[in-house]
Amino acid sequence: MENMFCFQCSDALGGKGCTKAGVCGKKPEVAKAQDLLIYVTKGISAVTTQLRAENKVVKPRVNNLVTMNLFTTITNANFDRAEILRRVEQTLKTKAKLLAAVDEKNLPEAALWTDEQKNFDSKAEVVGILATANEDIRSLRELITYGLKGMAAYLYHANALGFDDEKISAFMQSTLAKLLDDSLSGKDLTALALETGKFGVDVMALLDKANTETYGNPEITKVNLGVRKNPAILISGHDLKDLEQLLEQTEGTGVDVYTNGEMLPANYYPQFKKYSHLVGNYGNAWQLQQTEFEKFNGAILLTTNCLMPPKKSYADRVFTTGAVGFPNCKHIEEVDGKKDFSPLIELAKKCPPPVELETGEIVGGFAHNQVFALADKIIDAVKSGAIKKFVVMAGCDGRAKSRQYYTDFAKALPKDTVILTAGCAKFKYIKLPLGDIGGIPRVIDAGQCNDSYSLALIALKLKEVFGLDDVNKLPIVYNIPAHEQKAVTVLLALLYLGVKNIHLGPVLPAFLSPNVTKVLVENFGIGGISTVEKDIKLMIG
């Protein structure tokens, strides 16, 4: 019997699943705790769905609990078994109170289960992914679950800025409840996956609204890659609210702040440009942390995934917050909407400046508002033939050597093509000297992975401008590097919007069974990748 089973990310061992330990560094006992947390989250979601059916109110704190539970189980977010089991207990206690207000007659076993003896391990053994025996039903259930996990991450960030949508929470919870229903067929679950894509669009729109109304619309910005000689803090992840509070608290302290990974696009927002001690970006995507964090020298704050298990040489400088956790790493809790980052600041003051990794600048900030401002210029370039094709390469970077494909693909693209990107996938090619087309950069960075929403809006705007009846008639192709669950949310959102012929790599997800893959290929043209030469010919012509 396997010690664990997890295949939610592209690093799943052998393209099938991790069974002894996670390639990500997750231990079996952590994987099982996460399985149990998902199980009890489905249970409480069945109760909240019943409450809504009885026209009773589900309070925001319960919605936030479900959102945080899902976010906690995303790849490379939380490795702290004690914290995950604390969330299991909290969920069971909250559910017990809700059960008193609902008709229990038709609720599933997961909704009624309690563990008075706190014997979580035995339950975790039987409620994991493999509890669903049918391979295709399991595949579809996990596809939907991972889409919901990505949605939860985006909803969490919107909530942090005071933006919410009860309809999104209600959908997430009713869908989790449906994943307990053995009467649902493959056809039912396929439809539910597409509906998840619809709400994926909604939650990305909500987060876009939260970010832009709070911090302004991203602007075309040159971001410094070098370092200064001051002590510093490195902030990674996606949470802009955490960055805002950190910048406020470090102002005037002599401590510089650098972004890392998915926090790079924070440099594009007008509201952050007023902080002169936000001095640029340090490093690349998440898989290089163990080398780059060691060289940074200062304090490091992880606001979201992706966290790699810290090496002993710098683990005492790593702080986590929000959904992120790692045993023995210091965690910053939120109290009354505020986080006290003074421990990071005091530590940073005692540290030497960062070791310089590189120099120069990179350009980004091409979210939908900025691109719409350049619309005439872009449309003229398309009409004149200066731009023949756009290639969407938004998604995730990762540790696999096969991801060098995306760097080589970018280099091999004809000079009349433009890459549209978002997410940490950009680090595979944004620093390449690819030049521009009439002043339009050949790599247009919309921002974080959730800013794939901007790329969808850009495509829909081009469809409107060119008077087309189908988004697939645009000169846009999709070559998507995927890794974890937020990429699943983006994929389902694109499918809901009618986008076809998406290529996923470097491997197709392990959680897609052969039959489910066949359905995606036949109905949506989903495909993998081969060699750069063959794919250039296939996609670009």
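Since we're looking at a predicted model, the values are computed, not measured.
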| remark: Between the CG atom in L491 and the OG atom in S452, the distance rounded to the nearest 0.5 Å is 11.0 Å
| So how far is it from D136 CG to S513 OG, rounded to the nearest 0.5 Å? | 3.5 Å
| Quick check, are the ring centers of Y154 and Y156 under 6.0 angstrom apart? | no
| Near K431 NZ, under 6.0 Å, is it more than 12 heavy atoms from other residues, nucleotides or ligands? | yes
| field | Exam field: side chain R138 to backbone T132, donor-acceptor pair closer than 3.5 Å | value | yes
| query | Are the charged groups of E262 and K486 less than 4.0 angstrom apart, N to O? | reply | no
| query | Do other residues, nucleotides or ligands put more than 12 heavy atoms under 6.0 Å from the NZ atom of K27? | reply | no
| Atom pair CG/CD1 of L455 and I444 - distance to nearest 0.5 Å | 9.0 Å
| message | With side-chain contact (heavy atoms from CB on, under 4.5 Å) as the criterion, how do F79 and I84 come out once you've worked through the C-alpha distance, each side chain's angles and the decisive distance to 0.1 Å? | response | CA-CA 8 Å; F79 298 81; I84 295 166; over 6 Å; no
| request: Answer yes or no: is there a side-chain heavy-atom contact under 4.5 Å between V382 and F390? | output: yes
| Any salt bridge between D182 and R141, counting N to O under 4.0 Å? | yes
| Non-hydrogen atoms of C18 and V23 that approach each other most closely | SG-N, 3.5 Å
| Can you list the steps and then say if N211 with Q448 is a side-chain hydrogen bond (donor to acceptor under 3.5 Å, both in side chains)? | CA-CA 11 Å; N211 287 340; Q448 296 180 343; 5.1 Å; no
| query | If you round to the nearest 0.5 Å, how far is CD of Q485 from CZ of F71? | reply | 10.5 Å
| query | Is any side-chain N of the basic residue among D11 and R399 closer than 4.0 Å to the acidic one's carboxylate O? | reply | yes
| Does Y39 offer a backbone N or O that forms a donor-acceptor pair with the side chain of D35 under 3.5 Å? | no
| said: Less than 4.5 Å apart, side chain to side chain, heavy atoms only: is that true for I476 and V392? | reply: yes
| Within a strict 4.5 Å, meaning less than it, do heavy atoms of the T303 and V324 side chains meet? | no
| query | Are any side-chain N or O atoms of R442 and backbone N or O atoms of T417, one a donor and one an acceptor, separated by less than 3.5 Å? | reply | yes
| note | Rounding to 0.5 Å, atoms NZ (K209) and CG (L207) come to a distance of 12.5 Å
| query | Would you call F366 and Y268 a side-chain contact if the rule is heavy atoms closer than 4.5 Å? | reply | no
| query | For N3, does its backbone N or O pair with a side-chain atom of K32 as donor and acceptor, under 3.5 Å? | reply | yes
| message | Regarding S530 and D535, do their side chains bring together a donor and an acceptor under 3.5 Å, going by distance alone? | response | yes
| task | Looking only at non-hydrogen atoms, find the nearest pair between G528 and H503 and report the distance. | result | O-ND1, 2.9 Å
| field | Presence of salt bridge, K500 and E522, under 4.0 angstrom | value | no
| query | When R87 is tested against each of N69, N78, T41 for side-chain hydrogen bond (donor to acceptor under 3.5 Å, both in side chains), which residue passes? | reply | N69
Per-pair distances, 0.1 Å, donor-acceptor, side chain in residues 186-194, under 3.5 Å, sequence neighbours excluded:
residue	atom	partner	partner atom	Å
D188	OD2	S185	N	2.9
D188	OD2	S185	OG	3.1
T190	OG1	G186	O	2.8

| side-chain contact (heavy atoms from CB on, under 4.5 Å) between F511 and V488, intermediate numbers included | CA-CA 11 Å; F511 56 80; V488 177; 3.9 Å; yes
| request: Please report the shortest heavy-atom distance between K411 and L434, naming the atom on each side. | output: CA-CD2, 4.5 Å
| Does a side-chain heavy-atom distance below 4.5 Å link I38 with L70? | yes
| request: With the side chain counted from C-beta on, respond yes when P481 and R403 share a heavy-atom pair under 4.5 Å apart, and no when they do not. | output: yes
| Identified side-chain hydrogen bond (donor to acceptor under 3.5 Å, both in side chains) counterpart of Q8 within the set T145, T73, T75 | T75
| said: Walk me through whether Q34 and K26 qualify under side-chain hydrogen bond (donor to acceptor under 3.5 Å, both in side chains). | reply: CA-CA 10 Å; Q34 290 183 349; K26 181 167 60 178; 3.1 Å; yes
| message | Strictly distance-based, threshold 3.5 Å: is any side-chain N or O of T67 a donor or acceptor partner for the main-chain N or O of A152? | response | no
| query | Are E109 and K123 close enough, and set up right, to give a salt bridge (Lys or Arg N to Asp or Glu O under 4.0 Å), and what steps lead you there? | reply | CA-CA 12 Å; E109 192 270 344; K123 190 67 175 180; 3.3 Å; yes
| task | Might you work through the side-chain contact (heavy atoms from CB on, under 4.5 Å) test for N479 and F409, ending with a clear yes or no? | result | CA-CA 10 Å; N479 194 7; F409 187 90; 3.6 Å; yes
| message | Any carboxylate oxygen within less than 4.0 angstrom of a Lys/Arg side-chain nitrogen, looking at E195 and K198? | response | no
| remark: All heavy atoms of L307 vs all of A77, minimum pair found to be CD2-O, 4.5 Å
| query | Under 3.5 Å, side chain of T421 to main-chain N/O of M393, donor-acceptor pair present? | reply | yes
| field | Ring geometry between H157 and H238 (parallel below 30°, tilted from 30 to 60°, perpendicular above 60°) | value | parallel
| Do you know the tightest heavy-atom contact between N76 and C24? | OD1-CB, 3.6 Å
| Are Y406 and Y429 close enough that their ring centres sit under 6.0 Å apart? | no
| query | With distance as the sole test, does Q289 use its side chain to make a donor-acceptor pair with the main-chain N or O of C306 at under 3.5 Å? | reply | yes
| said: Are I419 and K426 packed together at the side-chain level, in the sense that at least one heavy-atom pair is separated by less than 4.5 angstrom? | reply: no
| said: Between V66 and T48, does the side-chain contact (heavy atoms from CB on, under 4.5 Å) criterion hold? Intermediate values first, please. | reply: CA-CA 10 Å; V66 171; T48 60; 5.6 Å; no
| Out of curiosity, L37 CG to E83 CD, how far, rounded to the nearest 0.5 Å? | 9.5 Å
| query | S183 and D181: side-chain donor and acceptor closer than 3.5 Å? | reply | yes
| For S454 and D208, which heavy atoms make the closest approach, and how far apart are they? | OG-OD1, 4.3 Å
| said: Parallel, tilted or perpendicular: which one describes the rings of H483 and W286, with boundaries at 30° and 60°? | reply: tilted
| Within the distance-only criterion (no hydrogens, no angle test), does the side chain of D164 pair as donor or acceptor with the backbone N or O of E166 below 3.5 angstrom? | no
| task | For the residue pair T196 and L148, establish whether any side-chain heavy-atom pair is separated by less than 4.5 Å. | result | yes
| request: Please answer whether the main-chain N or O of F171 pairs with a side-chain N or O of S174 as donor and acceptor at a distance below 3.5 Å. | output: yes
